[in-house]
Amino acid sequence: MTRQLALVDCNNFYVSCERVFRPDLQRTPLVVLSNNDGCVVSRSNEAKALGIKMGQPWFECRALAEAHGVLALSSNYALYADLSNRVMSILRDHAPRQEVYSIDECFVDLTGCADSKQRSQQLRKRVGQWTGIPVCVGIGPTKTLAKLANMVAKKHPRSKGVFDYNALTDAQKEKLLQQIEVGEVWGVGRKLRVRLADRGIHTVCDLRAAHTPTLRAEFGVVLEKTQRELQEIPCIDLQEVTPNNQQIISSRSFGHMIEQVAGLKAALSTFAANACAKLRTQQSCAALIQVFLHTNRFRPDLPQYMPALAMALPEPTNDTLLVSRCVSVLADQLFRPGYQYKKAGIVLSQITPVGQVQHDWLAPTQAHRPRLMQALDTLNARYGRNTVRVSAQDVGATWQMRQERKSPNYTTDWGAIPSV
DNA sequence: TCTCCGATTAGAC
DNA sequence: CTAACGGTCTAATCGGAGA
């Protein structure tokens, strides 16, 4: 029996989230900006129609956008995460197997469903009614084809938000795949698209039909799997359990350039606190701590410096105070005066589950304070993130990112909901 | 010459 | 008036070091 994999993808997700609590913006052209109000990361259909590109720097399109009455909002991740959870939980309750693929997408397995297309329509309707978030559904025998089908559903209003690749005849499949550029395929990005074009592979149909051993030799396993998936041979399974992260990064661009170590350390200890909190939520510890600093790469007129340094711990930890101190030491070693720093961050890796951590009982007592960290997490959960923090976070702290257009915290603050 | 491992590349969203 | 350009994550592959 052919598999019926459905990809459910929220439409213009961040923009749609903002509109849930601001129905008056339903027809206003709208974009959501990345951290630091830097780039456009979500666009309403009206904004797309104006030619505003995904990932475009806001300062580049701002004049055009504002001339057409486009409203730009800073991103409000707490809101998006909250609505995402609601969407995912509705889908989980209405489909047997689910993989949450990203904040706005999930795969569900509808294999064996009597009428998967009708079922998808129901899912769509339910998510819309219960959350206010519009979604489209693509159905196919493999994940790659389900993604492609989803694209078709989004692009063609005739599909009413659901497109089923499995329902096509071989001739219809061929015709459809001829019309889609290879760059639209999941796993084919900018670089590959160019290299494939050099080989005469322009459409999805071309990729599907290419000589497999040659493709493999030239482009590697990843693309071979993609090709197989286009040929309806499943190579990428549904991942129902989300694995723990192998690496946790916390980094930010600053609202203003920083020239002093103290400022960098304030930012870095906040990053340490956030990264460790994340380690704790997934009940794991890290053994390698890396710190990096960046000057502004878009200012070739200024001296550039982007150093990085790692410290290996004798035993894995998730203790904010310990990691903060390491990060401070690394910052001192990396810091050179005379540069204007625009960004910094930390990377935690060599991650293992807490239960597997072997304590060195011959060594003097390590700074390992699970109960203190638990108390800290409880307090911050109740009274807000960073209510209890490391003092280094405050010393010389001037690094906050720009976020001039953020919407209120609708889902966590009653007062934020506009009165009707 | 082989193996290992860190760095780099490419992609996703 | 001018400058203003995200953040996290994974897997595969490359290339140098050391065995």
Side-chain angles (χ1 to χ4, degrees), chain A residues 7 9-15 31-43 52-63 65 72 74-75 77 80-81 84 99-107 143-144 147 150-151 182-196 216-226 235-236 239 242-257 267 271 274-275 278-279 282 288 290 292 294-302 306 308-310 312 340 342-351 401-405:
Chain A
L7 176 69
D9 192 322
C10 303
N11 303 348
N12 313 336
F13 184 56
Y14 296 171
V15 157
V31 297
V32 172
L33 304 177
S34 64
N35 277 335
N36 220 25
D37 292 345
C39 299
V40 173
V41 291
S42 181
R43 306 157 294 157
I52 297 171
K53 297 287 177 237
M54 183 63 174
Q56 194 174 13
W58 174 235
F59 75 88
E60 262 179 38
C61 51
R62 181 173 183 169
S74 304
S75 35
Y77 287 109
Y80 312 149
S84 172
E99 171 186 342
V100 176
Y101 176 68
S102 74
I103 194 163
D104 74 328
E105 281 177 50
C106 91
F107 291 98
K143 281 176 154 187
T144 304
K147 294 236 12 155
N150 188 281
M151 255 197 43
V182 73
E184 307 280 336
V185 174
W186 187 40
V188 179
R190 275 180 326 202
K191 307 267 180 172
L192 273 178
R193 191 190 61 215
V194 173
R195 286 171 56 204
L196 285 168
R216 166 70 190 254
E218 279 277 317
F219 298 96
V221 255
V222 183
L223 198 63
E224 185 185 348
K225 281 189 185 173
T226 299
C235 295
I236 310 173
Q239 287 216 306
T242 27
N244 280 351
N245 290 340
Q246 300 171 27
Q247 163 182 270
I248 292 170
I249 299 180
S250 180
S251 75
R252 284 288 177 280
S253 294
F254 308 131
H256 305 281
M257 308 267 215
F271 302 157
N274 292 340
K278 194 159 172 184
L279 271 180
Q282 69 170 37
L288 192 74
Q290 288 169 267
F292 63 84
H294 275 2
T295 48
N296 189 346
R297 69 196 164 103
F298 297 106
R299 291 288 301 273
D301 54 314
L302 297 177
M306 22 196 302
L309 198 58
Q340 297 188 294
K342 175 65 176 172
K343 177 175 176 169
I346 74 165
V347 184
L348 303 182
S349 51
Q350 295 183 8
I351 291 174
M401 59 184 177
R402 259 195 301 277
Q403 215 183 18
E404 289 162 0
R405 311 150 171 273

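Reminder, nothing fancy here: chain letters follow the sequence lines and each chain counts from 1. These numbers come from the heavy atoms of this one structure, side chains and all, not from hydrogens, waters or symmetry mates.
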Between [options], which nucleotide has the shortest distance from any of its atoms to the side chain of [X]?
| X | options | result |
| --- | --- | --- |
| A:Lys191 | B:dG11, C:dA4, C:dG6 | B:dG11 |
| A:Gln247 | C:dA12, C:dC9, C:dG7 | C:dC9 |
| A:Leu192 | B:dA10, C:dG6, C:dT10 | B:dA10 |
| A:Val221 | C:dG6, C:dA4, C:dA12 | C:dA12 |
| A:Arg402 | C:dA4, C:dA12, C:dT8 | C:dA4 |
| A:Val41 | C:dT8, C:dT13, C:dG6 | C:dG6 |

Answer with base, sugar-phosphate or nothing: what part of the nucleic acid does [X] contact at a heavy-atom distance below 4.0 Å?
| X | result |
| --- | --- |
| A:Ser75 | nothing |
| A:Tyr101 | sugar-phosphate |
| A:Trp186 | sugar-phosphate |
| A:Asn245 | sugar-phosphate |
| A:Gln56 | nothing |
| A:Arg297 | nothing |
| A:Ile248 | sugar-phosphate |
| A:Val347 | nothing |
| A:Arg252 | sugar-phosphate |

First of A:Phe219 and A:Pro243 reached from the 5' end of DNA chain C, by closest nucleotide: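 With A:Phe219 and A:Pro243 compared, the 5'-side residue is A:Pro243.
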
A:Phe254 or A:Val222, whichever maps to the more 5' nucleotide of DNA chain C: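 Here A:Phe254 is the residue nearer the 5' end.
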
Measuring to OP1 and OP2 of [N], would you say a side-chain N or O of [X] lies under 4.0 angstrom away?
| X | N | answer |
| --- | --- | --- |
| A:Gln246 | C:dT8 | no |
| A:Arg193 | B:dG11 | no |
| A:Ser253 | C:dC5 | no |
| A:Ser34 | C:dC5 | no |
| A:Lys342 | C:dA3 | no |

Between CG on residue A:Leu223 and NZ on residue A:Lys225, distance to nearest 0.5 Å: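 Going from the CG atom of A:Leu223 to the NZ atom of A:Lys225 covers 12.0 Å.
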
Rounded to whole Å, how long is the line connecting atom [atom1] of [X] with atom [atom2] of [N]?
| X | N | atom1 | atom2 | value |
| --- | --- | --- | --- | --- |
| A:Glu218 | B:dA10 | CD | C1' | 16 Å |
| A:Phe298 | C:dA3 | CZ | C1' | 14 Å |
| A:Lys343 | C:dT8 | NZ | P | 8 Å |
| A:Lys53 | C:dC5 | NZ | P | 21 Å |
| A:Arg195 | C:dA12 | CZ | P | 16 Å |
| A:Glu60 | C:dA4 | CD | P | 13 Å |
| A:Arg216 | C:dT13 | CZ | C1' | 12 Å |
| A:Tyr14 | C:dG7 | OH | P | 12 Å |

Option among A:Asn35, A:Asp37, A:Leu33, A:Asn36 that satisfies the side chain to side chain contact (heavy atoms under 4.5 Å, CB included) test with A:Ser75: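 Answer after filtering A:Asn35, A:Asp37, A:Leu33, A:Asn36: A:Asn35.
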
Side chain to side chain contact (heavy atoms under 4.5 Å, CB included) partner of A:Val347, the single match among A:Leu288, A:Ile248, A:Ile249: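 Single side chain to side chain contact (heavy atoms under 4.5 Å, CB included) partner of A:Val347 among A:Leu288, A:Ile248, A:Ile249: A:Ile249.
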
Side chains of [X] and [Y] in contact at under 4.5 Å (non-hydrogen atoms):
| X | Y | answer |
| --- | --- | --- |
| A:Thr295 | A:Leu302 | no |
| A:Arg299 | A:Lys342 | no |
| A:Asp9 | A:Asp104 | yes |
| A:Val182 | A:Arg193 | yes |

Base paired to C:dA4 (Watson-Crick or G-U; both N/O distances under 3.5 angstrom):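 Here C:dA4 is not engaged in any pair, so there is no nucleotide opposite it.
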
Pair assignment for B:dA10, Watson-Crick or G-U wobble, requiring both distances under 3.5 Å: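 Answer to the pairing question: C:dT10, which forms a Watson-Crick or G-U pair with B:dA10.
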
